[in-house]
Amino acid sequence: MLSEIKKNVTLTATSTIDGAEVENYQATINSDNPDDMNLSSWQADKALYKANRVQCRKDAAAFEDAAYAVQDAMIAEKEKQA
């Protein structure tokens, strides 16, 4: 039996150094309840990540800011519909 179908918005980004993929980021926002958001990140190249942690942390912060902006817009839209 099919359970409930859920709709989510997924954002992804990649931190690259000299064309090489170093770290990946993902945010998943529940469309029905935009307050529910999961953020995750993982290193694609641990050696490059270690050598470029400062830049990767800046990229991670920029990604989080972008994800929170999308989440805020979704929450505002949901409140307008209520």
May I have the list of side-chain donor-acceptor pairs in residues 16-28 shorter than 3.5 Å, sequence neighbours left out?
from	atom 1	to	atom 2	distance (Å)
E21	OE2	N24	ND2	3.2
E23	OE1	Y25	OH	2.8
E23	OE2	Q43	NE2	3.2
N24	OD1	T14	OG1	3.0
Y25	OH	C56	O	3.1
Q26	NE2	T28	OG1	3.4

Could you work out, with salt bridge (charged side-chain N to carboxylate O under 4.0 Å, His left out) as the rule, every residue matching K80, not counting sequence neighbours?
E77
Option among D36, N8, V70 that satisfies the side chain to side chain contact (heavy atoms under 4.5 Å, CB included) test with I29
V70
Supply the atom-to-atom distance I5 CD1 to D32 CG, rounded to the nearest 0.5 angstrom.
11.5 Å
To the nearest 0.5 Å, what is the distance between CG (N30) and CD (Q71)?
10.5 Å
By the rule that ILVMFWY residues connect when side-chain heavy atoms come within less than 4.5 angstrom, directly or transitively, which residues belong alongside I75?
none
Working to the nearest 0.5 angstrom, can you tell me the gap between L48 CG and S15 OG?
9.5 Å
Please round to the nearest 0.5 Å and tell me the distance separating atom CZ of R53 and atom CD of Q55.
14.0 Å
Closest contact, heavy atoms only, S31 versus K78:
O-NZ, 4.1 Å
Are Y49 and F63 grouped together when hydrophobic residues (ILVMFWY) are joined by side-chain heavy atoms under 4.5 angstrom apart?
no
